[in-house]
Amino acid sequence: MKALILNSGMGTRMAPLTDRQPKCLTELSPGETILSRQLRQLAEAGVEEAVVTTGPFPGQLEEYCESLNLPLRLAFVRNPDYRSTNYIYSIYLARGYLEDDLLLLHGDLVFESEVLRLSLETEGSSVAVSSTAPLPEKDFKAVVREGRVEKVGVEFFGHAQAAQPLYHLKKADWLVWLDRIVRFCEEGQRSCYAEKALNEVTDACALYPLDVRNMLCGEVDQPEDLAAVTAKLREVENRRVYMCFSSDMLHGGHMAILRRAAGLGRLTVGVLSDAAVASHRRFPLLPFEERKTLFASIKGVERVVEQPELSYRSTLLALKPDIVVHGDDWRQGFQKPLREETLDVLASYGGRLVEFPYSKDPRYQELERRSRAELSLPDSRRGRLRRLLELKGLVTAMEAHDGLSGLIVENSVVHEAGKAYAFDAMWVSSLCDSTAKGKPDMELVDMTSRFRTIDDLTEVTTKPIIFDGDTGGLTEHFVYTVRSLEKLGVSAVIIEDKKGLKKNSLFGTEAAQVQDSIENFSAKIAAGKRAQKSADFMIIARIESLILERGMEDALKRASAFVEAGADGIMIHSRRREPEEIFTFVERFRRTDPGTPLVVVPTSFHAVTEEEFRRRGVNIVIYANQLMRSQVPAMRRAAESILRHHRALEADGELMPFGEIIRMIPDTL
């Protein structure tokens, strides 16, 4: 993209400021002139070349431009007849440089960066207009009919809008106008506006209005204009701008949007909390404080604040920014309600939304893929459960028994009221592992086979894994299980305080089950803690006293002893549909131990909400078998339908197309 800046006028109405220098070198603020601001904005917008026409003081203007050391290729075209010609002749003299798409502007035009961005992003040729500004008596106006510009000039008032000399011209349209400019000049019409030539060819080129409304975009023709423009410029520079980031990796797309946002005013960056990021996308590679420091170090960012959730509401009501910046990707999909809520909040106090095109560069998607791969590594994954407990207080886990169910747990998200809800972890259940293999839940499936399930999950997911270790087996075996789980990247193992042939707790006292002694089980916990190599891994003790009807006092006594032995958490279990005995245990345990994580598995008492568990002091809620239970009826219905109808047609209505299933499976993590 090339810019043409017309600076061949004498600027007599700005005297005495223009007695010894071109008008474009008039200062807007100390050290910044109209022209230096234009050139800087062009460079920041990605324009690579600028052609500058000159009138009086050409050497001074050329030397000044070169001294700015901006990343622009500059070319200068002198108009020696500036006293007797208008800028139409300067364009004629510069025609050899102007054979492609063009940004054409006057050298006394002051505009905010947002106006320039909008101009450059128009798909067709455009000229800046304002539907809200009063029509000027002597300055440019554009006649707009049916969405197109028919005429531009000072003399038009019907169907007109105030216009400013900022054109973004596509090559085909520009060459039509340029050809008429050449004809005018070669026929001796050199003292009129270039727009006179334009008005003869608007039917042959498509010129559209770019409505900048109340944004800063105005010429400095006289001292009164300079005063008005500088006042508006101060207002622009003091505008409060806000944008929020969930990313923990900054790439070129982020930096570009940050520069644009900073050009709109004083920029505050919101950084999503770790808990919000973990629910919205994936667990952040960098914790909040490091991300906050990262954004604070970026030029143009004035301050950084925490945005605690996906919803902007509370943050906007606290900060009252004039402008919120966001990518245009949230116009559709799950973020659409967030956008609508943001627009409502902005409307309540007069703010506005500015949306930039969302970058779909494959390189950025590759960075995201690499970050997910990093999160899947054992050393990265292992400590995530502890971190989530610190961040959220309450963690939810859903069982996964193979790679496909793991993908469902990994990718299931529900967006509601400005928040994202997703499972935080995966539960690898011995019951579901056994059931998937068609075997009874009695520790019949050996650890080697169960570790294979973990391998399947870690290959395609990133969420932390909690492993159902049954009784833990012999203490001598358990220490090796702990070390193996650590190496696999598992975050926690839960072992129950029973011994002998394991029977599922759902049987309760209906099947002979032997509870281990407090001393023996405490020794097993302590041995496991001594065996682990990292501080990240958690050993959680599951207490079966309520299942086996040994009473509340026994359960509490065991909990205290197991914590003393080194257990990182306590799981309390019950077969009853009413949750009262669970609530009682939690309440009494919390009287003496406010910090040790408590785990529940609400398979029977499933009416209790997560929020109620949180209020009462529970830290981990495990949905232990719901995915396995959901697939069995569906498979049975499909099988019976095919048997009944002797074909698959009737079953297909309840089946997911295999193409959708395949799309769930990533080519790479």
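Only a predicted model underlies this, so the values are computations on that prediction, with no experimental measurement involved.
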For the pair Asn625 (side chain) and Met628 (backbone), establish whether a donor and an acceptor sit closer than 3.5 Å, ignoring hydrogens and angles. no
Looking at every non-hydrogen atom in both residues, tell me the closest pair between Leu310 and Ala420 and how far apart they are. CD1-CB, 3.6 Å
Closest non-hydrogen atom pair between Arg616 and Val586, with its separation: O-CG1, 3.0 Å
Any donor-acceptor pair under 3.5 Å linking the side chain of Asn520 with the backbone of Asp516? no
What are the two closest non-hydrogen atoms of Trp330 and Thr342, and how far apart are they? CH2-OG1, 3.6 Å
Donor-acceptor pair, side chain of Glu306 and main chain of Pro308, under 3.5 angstrom: no
Compare every heavy atom of Ala555 with every heavy atom of Ile572, then report the nearest pair and how far apart it is. CD1-CB, 4.2 Å
Could you tell me whether the side chains of Asp593 and Thr596 share a donor-acceptor contact shorter than 3.5 Å? yes
Inspect the contact between Glu544 and Arg542 and indicate whether a charged nitrogen and a carboxylate oxygen are less than 4.0 angstrom apart. yes
Walk me through whether Ser273 and Glu309 qualify under side-chain hydrogen bond (donor to acceptor under 3.5 Å, both in side chains). CA-CA 7 Å; Ser273 67; Glu309 55 190 16; over 6 Å; no
Looking only at side chains, do Ser604 and Arg575 share a donor and an acceptor under 3.5 Å apart? no
Smallest heavy-atom separation, Arg450 atom then Ser430 atom, equals NH2-N, 3.2 Å
Scan residues 625-644 for pairs that pass salt bridge (charged side-chain N to carboxylate O under 4.0 Å, His left out), counting only residues two or more places apart or in two chains. Arg637-Glu654
In short, Ala261 meets Met243 closest at the heavy-atom pair CB-SD, 3.5 Å
Residue pair Ser574 / Glu581, side-chain donor-acceptor N/O under 3.5 Å: yes
Among side-chain atoms of Arg588 and Thr592, is any donor-acceptor pair under 3.5 angstrom? no
